[in-house]
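It should be emphasised that the depicted structure is a prediction, and the values quoted were computed from it without experimental measurement.
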Amino acid sequence: MDGGPLQGLTVGITAERRAAEQADLFHRRGAATLHGPTLRIEPAPDDEALRAATFQVVEQPPDYLLASTGFGMRTWFSAAEGWGARDALLEALRRSKVANRGAKAASANTAAGLAEWYRAPEERFEELVDRVLEEPLDGCRVVLQLHGCPMPRSVARLEAAGASVIEVDAYSSRLPTDTGPAEALVDAACEHRLAAVTFTTAPAVHNLFAIATRSGRADDLRQAFNGPVVAGCVGPVCAEGAIEEGITAPVVPDRARLVPLVEAVTDKLS
């Protein structure tokens, strides 16, 4: 599109899901885009660890459920249905206090008949942990629904308070089968041919740096993001991943959604 606020600029997109929609939003603003997905999200309905955790929850209903993502909760329910355990799982979870990280997790759980007890104001998982730690946890069971990567610090904090923690991860965030497009994105960012790169999950940030490390360009990439290349993160959890990788000032929208992310990056660049 000619004449948009981002005319002449190129934005790198690391997302796998909704990448075409994101690209269209930038194209409408005049930008070109370079797609270099850094992860693939794979549901894990046949994962033995997920199956074991599911039946543990059924047999020992938890006192608290900390839900990270709507996608993960729906995938978990679907996997349980395949094992003939969906109704039993939901019955067990209805006995718990349900804490949702954001609107998508809340929507998935409400649709499944799980009443919300608490929602994180800033949509950060640690807020859920902080809130639950205000409760007497000695002897309590807490389910953590993860989002493709482990959270050992959260587990340790809850266990230190006397809780028994069950980790549930219904999908995994892995490197793409073909890392060539992501490698091209790394090169373009390091050479300042990109004005910005967008991230919609923390694992996407970590994976981009893992890919950059393979080619010895992680330091160059970090310098680019702390220089002329804007790192746009969809929300505070994603931004935490960027900060962990040494990006000092990622751009984060007021609302953790795709359109606000594009608007925030546009405002920063224009």
### Task
List in chain and number order the residues that pass side-chain contact (heavy atoms from CB on, under 4.5 Å) with T10, two or more places apart in sequence or in another chain; answer none if no residue qualifies.
A32, L34, L194
### Message
Side chains of L146 and V168, heavy atoms from C-beta outward: is any pair under 4.5 Å?
### Response
no
### Task
Check A189 against V197 and note the closest heavy-atom contact, atom names and distance.
CB-CG2, 4.4 Å
### Task
Look at the side chain of E167 and the backbone N and O of V143, then say whether any donor-acceptor pair between them is shorter than 3.5 Å.
no
## Note on the structure
Quick note, salt bridge (Lys or Arg N to Asp or Glu O under 4.0 Å) partners involving residues 55-79, not counting sequence neighbours, are none
### Message
With heavy-atom distances below 4.5 Å as the criterion, would you say the side chains of P5 and Q7 are in contact?
### Response
no
#### Entry: Residue pair V165, L144: steps toward the side chain to side chain contact (heavy atoms under 4.5 Å, CB included) verdict
CA-CA 7 Å; V165 179; L144 301 189; 3.8 Å; yes
#### Entry: A67 versus F125, closest heavy-atom pair with distance
C-CE1, 4.5 Å
#### Entry: Shortest non-hydrogen separation from A182 to P37 and the atoms involved
CB-O, 3.5 Å
### Task
Give a yes or no on whether L221 and V251 share a hydrophobic cluster (residues Ile, Leu, Val, Met, Phe, Trp, Tyr; joining criterion: side-chain heavy atoms under 4.5 Å apart).
no
### Query
How about R141: does its CZ atom have over 12 heavy atoms from other parts shown lying under 6.0 Å from it?
yes
### Query
Going by heavy atoms in the side chains, are R222 and N226 under 4.5 Å from each other?
yes
### Query
Roughly how far, to the nearest 0.5 Å, is the CH2 atom of W76 from the CG atom of D169?
11.0 Å
### Query
Can you name the nearest heavy-atom pair linking P62 to V57, along with the distance?
CD-CG1, 3.7 Å
### Task
With sequence neighbours excluded, tell me which residues meet side-chain contact (heavy atoms from CB on, under 4.5 Å) with A106.
N100, E116, R119
Table please: side-chain donor-acceptor pairs of residues 126-133 below 3.5 Å, with sequence neighbours left out.
| residue | atom | partner | partner atom | Å |
| --- | --- | --- | --- | --- |
| E126 | OE1 | R153 | NH1 | 3.2 |
| E126 | OE1 | R157 | NH1 | 2.6 |
| E126 | OE2 | S154 | OG | 2.4 |
| E127 | OE1 | E122 | N | 3.0 |
| E127 | OE1 | E123 | N | 3.2 |
| E127 | OE1 | R124 | N | 3.0 |
| E127 | OE2 | E122 | N | 3.2 |
| D130 | OD1 | R157 | NH1 | 2.9 |
| D130 | OD1 | R157 | NH2 | 2.7 |
| R131 | NH1 | E134 | OE1 | 3.3 |
| R131 | NH1 | E135 | OE2 | 2.9 |
| R131 | NH2 | E135 | OE2 | 3.3 |

### Interatomic distance, Q145 atom CD to I166 atom CD1 [nearest 0.5 angstrom]
13.5 Å
Only pairs under 3.5 Å count here: list side-chain donor-acceptor contacts from residues 257-270, not counting sequence neighbours, and write none if there are none.
| residue | atom | partner | partner atom | Å |
| --- | --- | --- | --- | --- |
| T266 | OG1 | V262 | O | 2.8 |
| S270 | OG | T266 | O | 2.6 |

### Query
Are the side chains of H206 and T38 in touch, meaning some heavy atoms are under 4.5 Å apart?
no
### Query
So which heavy atom on R101 is nearest to which on S68, and how close?
NE-O, 2.9 Å
### Summary
Of all heavy-atom pairs linking P250 and C233, the shortest is CB-SG, 3.9 Å
## Note on the structure
Residues at least two apart in sequence or cross-chain that pass ring pair (Phe, Tyr, Trp, His ring centres under 6.0 Å) with F26, listed by chain then number, are none
#### Entry: Any side-chain heavy-atom pair of E240 and V252 under 4.5 Å
no
### From T201 atom OG1 to E16 atom CD, the distance as rounded to the nearest 0.5 Å
10.0 Å
### Task
Check whether any side-chain heavy atom of Q22 lies under 4.5 Å from a side-chain heavy atom of R18, and answer yes or no.
no
### Message
Taking the side chain as everything from C-beta on, heavy atoms only, tell me whether F209 gets closer than 4.5 Å to F225.
### Response
yes
### Task
Just do the side chain to side chain contact (heavy atoms under 4.5 Å, CB included) check on S96 and L65 with the steps written out, would you?
CA-CA 6 Å; S96 65; L65 165 63; 3.9 Å; yes
#### Entry: Short side-chain to backbone donor-acceptor contact, T110 and S107, under 3.5 Å
no
### Query
Below 4.5 Å, heavy atoms only, C-beta onward: do T179 and R214 meet side chain to side chain?
yes
### Task
Evaluate the side chain to side chain contact (heavy atoms under 4.5 Å, CB included) criterion for residues V186 and L208: first the C-alpha distance (whole Å), next the side-chain angles of each, then the deciding distance (0.1 Å), finally the verdict.
CA-CA 7 Å; V186 168; L208 184 67; 3.5 Å; yes
#### Entry: Side-chain donor-acceptor contact under 3.5 Å, W83 with T54
no
### Message
Could you measure the distance from the CG atom of L114 to the NZ atom of K97? Nearest 0.5 Å is fine.
### Response
15.5 Å
### Query
Going from OG1 on T33 to CG on L9, what distance comes out if it is rounded to the nearest 0.5 angstrom?
12.5 Å
### Task
Could you give me the CA-CA distance, side-chain angles and deciding distance for V234 and F199, then say whether side chain to side chain contact (heavy atoms under 4.5 Å, CB included) is met?
CA-CA 6 Å; V234 74; F199 303 95; over 6 Å; no
### Message
Nearest 0.5 angstrom please: R94 CZ to L89 CG, how far?
### Response
9.5 Å
